[in-house]
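Fair warning: this is a prediction, and the values are worked out from it, not measured in the lab. Residue numbers begin at 1 in each chain, while the letters A, B, ... track the order of the sequences.
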There are 2 protein chains.
Amino acid sequence: MATIKDVAKHAGVSVASVSRYMNKNGYVKKETGEKIEQAIRDLNYVPNEVARSLFQKKSKLVGVLLPDITNPYFPLLAKGIEEELNRQGFMMLLANTSDSEENLQNYLTTFIQNNVSGVITTLPVSHVPKNIKMIGVDRAYEGDFIKILADDYQGGKLIGQEILQTTYRNVLIVTSNLLMPSVNLRYQGLVDVLDKHAITHTTLQSQSFNVDRTDETVASIFKNYSAYDTIVASNDYLALKIMQYAHEHGMNIPDDIQVVGYDGIPYAEMFYPSLATVKQPIYQIGQEAAKRMSKLLNNNKDELPKTTILPVTFQKGKSLRYF
Amino acid sequence: MATIKDVAKHAGVSVASVSRYMNKNGYVKKETGEKIEQAIRDLNYVPNEVARSLFQKKSKLVGVLLPDITNPYFPLLAKGIEEELNRQGFMMLLANTSDSEENLQNYLTTFIQNNVSGVITTLPVSHVPKNIKMIGVDRAYEGDFIKILADDYQGGKLIGQEILQTTYRNVLIVTSNLLMPSVNLRYQGLVDVLDKHAITHTTLQSQSFNVDRTDETVASIFKNYSAYDTIVASNDYLALKIMQYAHEHGMNIPDDIQVVGYDGIPYAEMFYPSLATVKQPIYQIGQEAAKRMSKLLNNNKDELPKTTILPVTFQKGKSLRYF
DNA sequence: TTGTACGCGTTATCAC
DNA sequence: GTGATAACGCGTACAA
């Protein structure tokens, strides 16, 4: 690997001139520039980001914290982040915490050790050094940083309004941790609509979003809540698992049980019957988060609001019994 | 952020001693060690990986090249890689090339600029500096480096043998680029079985694995190949899309059309009807690749064979018409 | 307009 | 056992 010194020697100038030329700051005579240009090509020189990062105390690296990459919601988010980051000249360091707080902390220090300039997180994090720019997404409701969120309360409402148009009898709401604001808002939106129309409902709070534990949740639903004919799942993956279980046990969807999901992952509409769900602008959230991050890092003072809320829509599906 | 100098000063020793203590090489008296330990805790010092990387000309970073993170095959692979890498003290830099050769090259230089010690690639790459350790996976058949692959030829054969047990009439093989060895091997395995039993078949070579273009492929299948009742899809995502299309157009699976996929993504068995497919040990491939990488990087001379081939299995499904 | 010299935080060499 | 000190590759005062 050629270094800046090699280039300088090859071009017969000093390293300072090469550096100035490359970063387009300071003066450099035209013909000197051309000599440098030539040398760079000859040696196909690429600046060493590590040295740069060491000196500048910041890098082109942006860390991304996800709870579970196996849940199809997150790859799509990651893609949105990655493509936009890439466009802006940054690189994504991806960390998958597997829903473990310990992993999260470890990754965070690894991020710091590697001099990331920013972190986009889907999870609540505490104790972030303030030279690191943070942007929160999805579940990262807490913390004093910019957030790009979907309209969770509205999402819950949409589900409620949709259920009103179906031949519901007993409504079971399967939710994850209600202490998480995003989860809670969806729940509130839904419950507000149901209560307003005096629809009784039962709530089952399952432990975790984690894909590996979904099977337990599903089994417990069918074992302990067999009287329910309408299931509101906390996410599409769970909803699809419920539908699979129902199929395997000879139940018909939506005739015996109707199901509605949340997220709008690509598989929702591919299923048979297609899954009714709330479509979150997943890719856009990622993209928007990355855009804001690059603004932050370029010190373009960001006049935009601290919290951006993107709209959600209801995606109709054959998993509901409309009358 | 506290530096090694701060620690040294705080402990009343020299930076050299702190470094020796941290890396557990060279001598350091017990009580000196304790003073250092204390200082580290007081300042909660974490060594700066960037400086370390600059000096050592290598880092704890491993780059991973994927063609398309939206295809559920890859997140699972990435998870296998990431969890194992993490266990070994490395960090994953994830790059999603979106099937573009230009992106691939850019990412590769970014990897180099950031001093990655190794690259795990799912794609054929050329011109890799030889101080970077490479491991190939999935489509990375070419290149002189260690490879962890699934038994593609066997996978093709399994499909052929399975079709023999069904009431097939006209077999359409939808394949992607046959110039890719993995694709070609699968194709050969399948065709060898079909030919041996004198089963006629037609081949449709579609342009790309890319998820975004799948819809075009599906439309073209139903438009131009409507006479076929047995479709062998090049991957599960395509297979599921075909099933979706069939459902939406009033066809029954497997009565009107039987479909078989390839990969064994988690959604295959969740679908209704469940998708018959060849199950690749996706997570294990990632895990194995990461293990080999960490061996390589720790200079444990790797006695293992250059190419490891992991077995595949057939996963039965209701998308086939068994007689 | 250009070059010299220093510092970023770490490790390794060598002298004490 | 320990402590100076020279690298690693880059950017930038400051001097020329």
**Report entry** Worked verdict on B:Y107 versus B:N96 for side-chain hydrogen bond (donor to acceptor under 3.5 Å, both in side chains)
**Finding:** CA-CA 9 Å; B:Y107 273 126; B:N96 183 191; over 6 Å; no
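For B:S14, no side-chain nitrogen or oxygen approaches OP1 or OP2 of D:dA4 to under 4.0 Å. For the pair A:R52 and D:dG11, the criterion of a side-chain N or O lying under 4.0 Å from OP1 or OP2 is met. In this structure, B:Y45 reaches the C:dT10 phosphate: one of its side-chain N or O atoms is under 4.0 Å from OP1 or OP2. Distances shorter than 4.0 Å separate none of the side-chain N or O atoms of A:K58 from OP1 or OP2 on C:dC8. The side chain of A:T32 places an N or O atom within less than 4.0 Å of a non-bridging phosphate oxygen (OP1 or OP2) of C:dT2.
Of the listed nucleotides (C:dT10, D:dG11, D:dC10), D:dC10 has the atom at the smallest distance from the side chain of A:T3. Counting only heavy atoms from C-beta on, B:K29 has its side chain closest to D:dT2 among C:dT1, D:dC10, D:dT2. With C:dT4, C:dC8, D:dT2 as the candidates, the nucleotide lying closest to the side chain of A:F55 is C:dC8. You'll find that the side chain of A:L54 is closest to C:dG9, out of D:dC10, C:dT4, C:dG9. Minimum atom distance to the side chain of B:N25 is reached by C:dA12, of the listed C:dT10, C:dC8, C:dA12.
Counting only distance, with no hydrogens or angles, the side chain of B:N23 and the backbone of B:N25 share no donor-acceptor pair below 3.5 Å. Here the side chain of A:Q88 pairs no donor or acceptor atom with the backbone of A:K291 at under 3.5 angstrom. Checking side-chain atoms of A:K147 against main-chain N and O of A:F145 turns up a donor-acceptor pair under 3.5 Å.
Between B:A16 and B:A51, it is B:A51 whose nearest contact on DNA chain C lies nearer the 5' terminus. Both B:S17 and B:K57 lie close to DNA chain D; mapped to their nearest nucleotides by heavy-atom distance, the more 5′-ward contact belongs to B:S17.
B:E82 has no carboxylate O lying under 4.0 Å from a charged side-chain N of B:K79, or vice versa, which leaves the two without a salt bridge.
Atom CD1 in B:I4 sits roughly 14 Å away from atom C1' in D:dT5 (whole-Å rounding). Distance, A:K9 NZ to C:dG3 C1': 15 Å, rounded to whole Å.
Counting non-hydrogen atoms under 4.0 angstrom, A:V50 reaches nothing in the nucleic acid.
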